[in-house]
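Everything below concerns the one structure shown next.
Chain naming here is simple, since letters A, B, ... match the order of the sequence lines and numbering starts at 1 in each.
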2 protein chains.
Amino acid sequence: MIRVLLADDEGMIRSALAALLRLEPDIEVVAECADGTEAVAVAQRLTPDVCVLDLEMPGLDGVQVTERLNRTVATRCVIVTRHARPGVLRRALASGAAGFLPKSRSADEVAAVIRRVASGGRYVDPEVAADALSDERPPLTDRELDVLRAGRHGETTGQIARTLSLAPGTVRNHVSAVLGKLQVGTRQQAVLLAEERGWI
Amino acid sequence: MIRVLLADDEGMIRSALAALLRLEPDIEVVAECADGTEAVAVAQRLTPDVCVLDLEMPGLDGVQVTERLNRTVATRCVIVTRHARPGVLRRALASGAAGFLPKSRSADEVAAVIRRVASGGRYVDPEVAADALSDERPPLTDRELDVLRAGRHGETTGQIARTLSLAPGTVRNHVSAVLGKLQVGTRQQAVLLAEERGWI
DNA sequence: CCCGGGCCGTGACATCTGTCATGCCCGTAA
DNA sequence: TTACGGGCATGACAGATGTCACGGCCCGGG
């Protein structure tokens, strides 16, 4: 019997998956969680064989949950996400995830991936993997990514500068470099593009 | 037997719901669609009793699909969405939807709502309805909303002005009014807030 | 009728943002 | 060691953005 923890902030898909998985004779859903923090706590208590984690969750996201669990619990994590971009896959694998499945795939595949991962294997969606190999890796430097992250929600340059302890001019310069590399004209467009590609 | 069409661009949830609904003895899933345009075409051909439509879809969104179907086919639409805000509910009901269900609800409820709608009733999620009554309606004027929409993706003021056939100054003035009303400091923050609240 | 209020459109002005040239620091190759 | 390249930080400058005060339009109430 494979003991599974399910974490997704979207109740409908979480309960639907749980119901489907309960129909499988060799799978037992031992917990359902609605956010990352809860998932970590519950997983540490129950030590499920496999954790199926949504990437986008309030509190800790799927990648952060995976990192913590890999350091503390003997469990294997499958990350499920709506935005299946090469950058996201890279982050997921770097965090130690054993499986990666876009939500564009059918629900049937979840059980199959769980079995594979539970038996010690790994699973990465072939299509995203192909993209990740042909690959565009972020052409941005660390500091440039920092600036984009700090300016994600339309923060003013001054605010970004304060959060990063920089002079406003420096922030503007990083932004300028980004705009050039990404061939866009606005900070907001740069942020949207970077989110789109899973760089931040 | 209630004949149901399911439309959602996220394959995992679509297939999961379909699988669960097929377990219900009185419900038959006659079609699954991945975008709005397809949903309209298929619904016109099959005339299902109930259409379950995701709000966020490529091509036509759930509200637009509902509008078109209400003009052409004898079917009833349930709109399902991840972002269940009063503004969204308002738009959904204005389009003639018979049901409104946030994705935060459990998957079990879908079948219940389908039955209710199929028998001529309406269903609106009580929690969102309460929010919509206590109500925050957009404090923004039509033109201000136009400007926000045109500037959604970080477009420059000049571009916005051109798409709306306005002088740049006018656009700036509308933006300024919005920033004041919404108590934020940036156009991007205003856009994010308006999207958040379902105003655009 | 005339007035007031709300919304729209516009231009002048101050401020903020992006561009550019520059200097610093560090790791590496000659 | 020296020279070079890359990333980081900064300030001066030009252009875009937001603020403000103004005038026109329409509608409903004295």
- Query: Does A/Glu127 CD have over 12 foreign heavy atoms under 6.0 Å away?
  - Reply: no

- Tell me which residues in residues 146-162 of chain A put a heavy atom below 4.0 Å from DNA chain C, sorted by number, or none. A/Thr156, A/Thr157

- Please list, chain by chain and in numerical order, all residues satisfying salt bridge (Lys or Arg N to Asp or Glu O under 4.0 Å) with B/Arg152, sequence neighbours excluded. B/Glu195

- Item | Length of the NZ-P vector between B/Lys181 and D/dG18, whole Å | 16 Å

- Query: Are any non-hydrogen side-chain atoms of B/Val4 and B/Ile2 less than 4.5 angstrom apart?
  - Reply: yes

Under 3.5 Å, which donor-acceptor pairs link side chains of residues 47-55 of chain A to any protein atom two or more places apart or in another chain?
unit_1	atom_1	unit_2	atom_2	d
A/Asp49	OD2	A/Arg3	N	2.7

- Query: Hey, does A/Val178 have a side-chain heavy atom less than 4.5 Å from the side chain of A/Val147?
  - Reply: no

- Got a sec? Which of residues 187-195 of chain A come in under 4.0 Å of DNA chain D, heavy atoms? none

- Mind grabbing the angle between the end helix axes of the helix from C/dC1-D/dG30 to C/dA30-D/dT1? Five pairs an end, 10° rounding. 10°

- Should B/Glu196 and B/Arg85 count as an ion pair when the cut-off is N to O under 4.0 Å? yes

- Query: Can you tell me how far C1' of D/dG7 sits from CG of A/Leu166, to the nearest Å?
  - Reply: 13 Å

- Message: Can you tell whether the side chains of B/Asp9 and A/Lys103 come within less than 4.0 Å, N to carboxylate O?
- Response: no

- Query: If only side-chain N and O atoms of B/Thr141 are considered, is one of them under 4.0 Å from the OP1 or OP2 phosphate oxygen of C/dG6?
  - Reply: no

- Query: Are side-chain N/O atoms of B/Gln44 and B/Thr72 paired as donor and acceptor at under 3.5 Å?
  - Reply: yes

- Tell me yes or no: between the side chains of B/Glu32 and B/Ser15, is some donor less than 3.5 Å from an acceptor? no

- How would nucleotides 20-28 of chain D be written as a contact map, 5' to 3', with B for base contact, S for sugar-phosphate-only contact and - for no contact, using protein heavy atoms under 4.0 Å? BB-------

- More than 12 foreign heavy atoms under 6.0 Å from CD of A/Glu28: is that the case here? yes

- Message: In this structure, how many angstroms lie between the P atom of C/dG9 and the CG atom of B/Leu164, rounded?
- Response: 9 Å

- Task: To the nearest Å, give me how far apart CG (B/Leu182) and P (D/dT19) are.
- Result: 12 Å

- Would you check if the side chain of B/Arg197 reaches a backbone N or O of B/Val88 as a donor-acceptor pair within less than 3.5 Å? no

- Where the side chain of A/Ser176 meets the backbone of A/Arg172, is there a donor-acceptor pair that is under 3.5 Å apart? no

- A/Thr170 side chain, from C-beta outward: closest of C/dC7, D/dA9, C/dG9: D/dA9

- Rounded to whole angstrom units, what separation is found between the NE2 atom of A/His174 and the P atom of D/dA9? 5 Å

- Side chains of A/Cys33 and A/Leu5: does their closest heavy-atom pair fall under 4.5 Å? yes

- Query: Any sub-3.5 Å donor-acceptor pair from A/Thr81's side-chain atoms to A/Ala84's backbone N or O?
  - Reply: no

- Message: Closest-nucleotide mapping onto DNA chain D: is A/Glu144 or B/Gly185 further toward the 5' terminus? I mean the 5' end.
- Response: A/Glu144

- For atom CG of A/Asp142 and atom P of D/dC8, their distance in whole Å: 6 Å

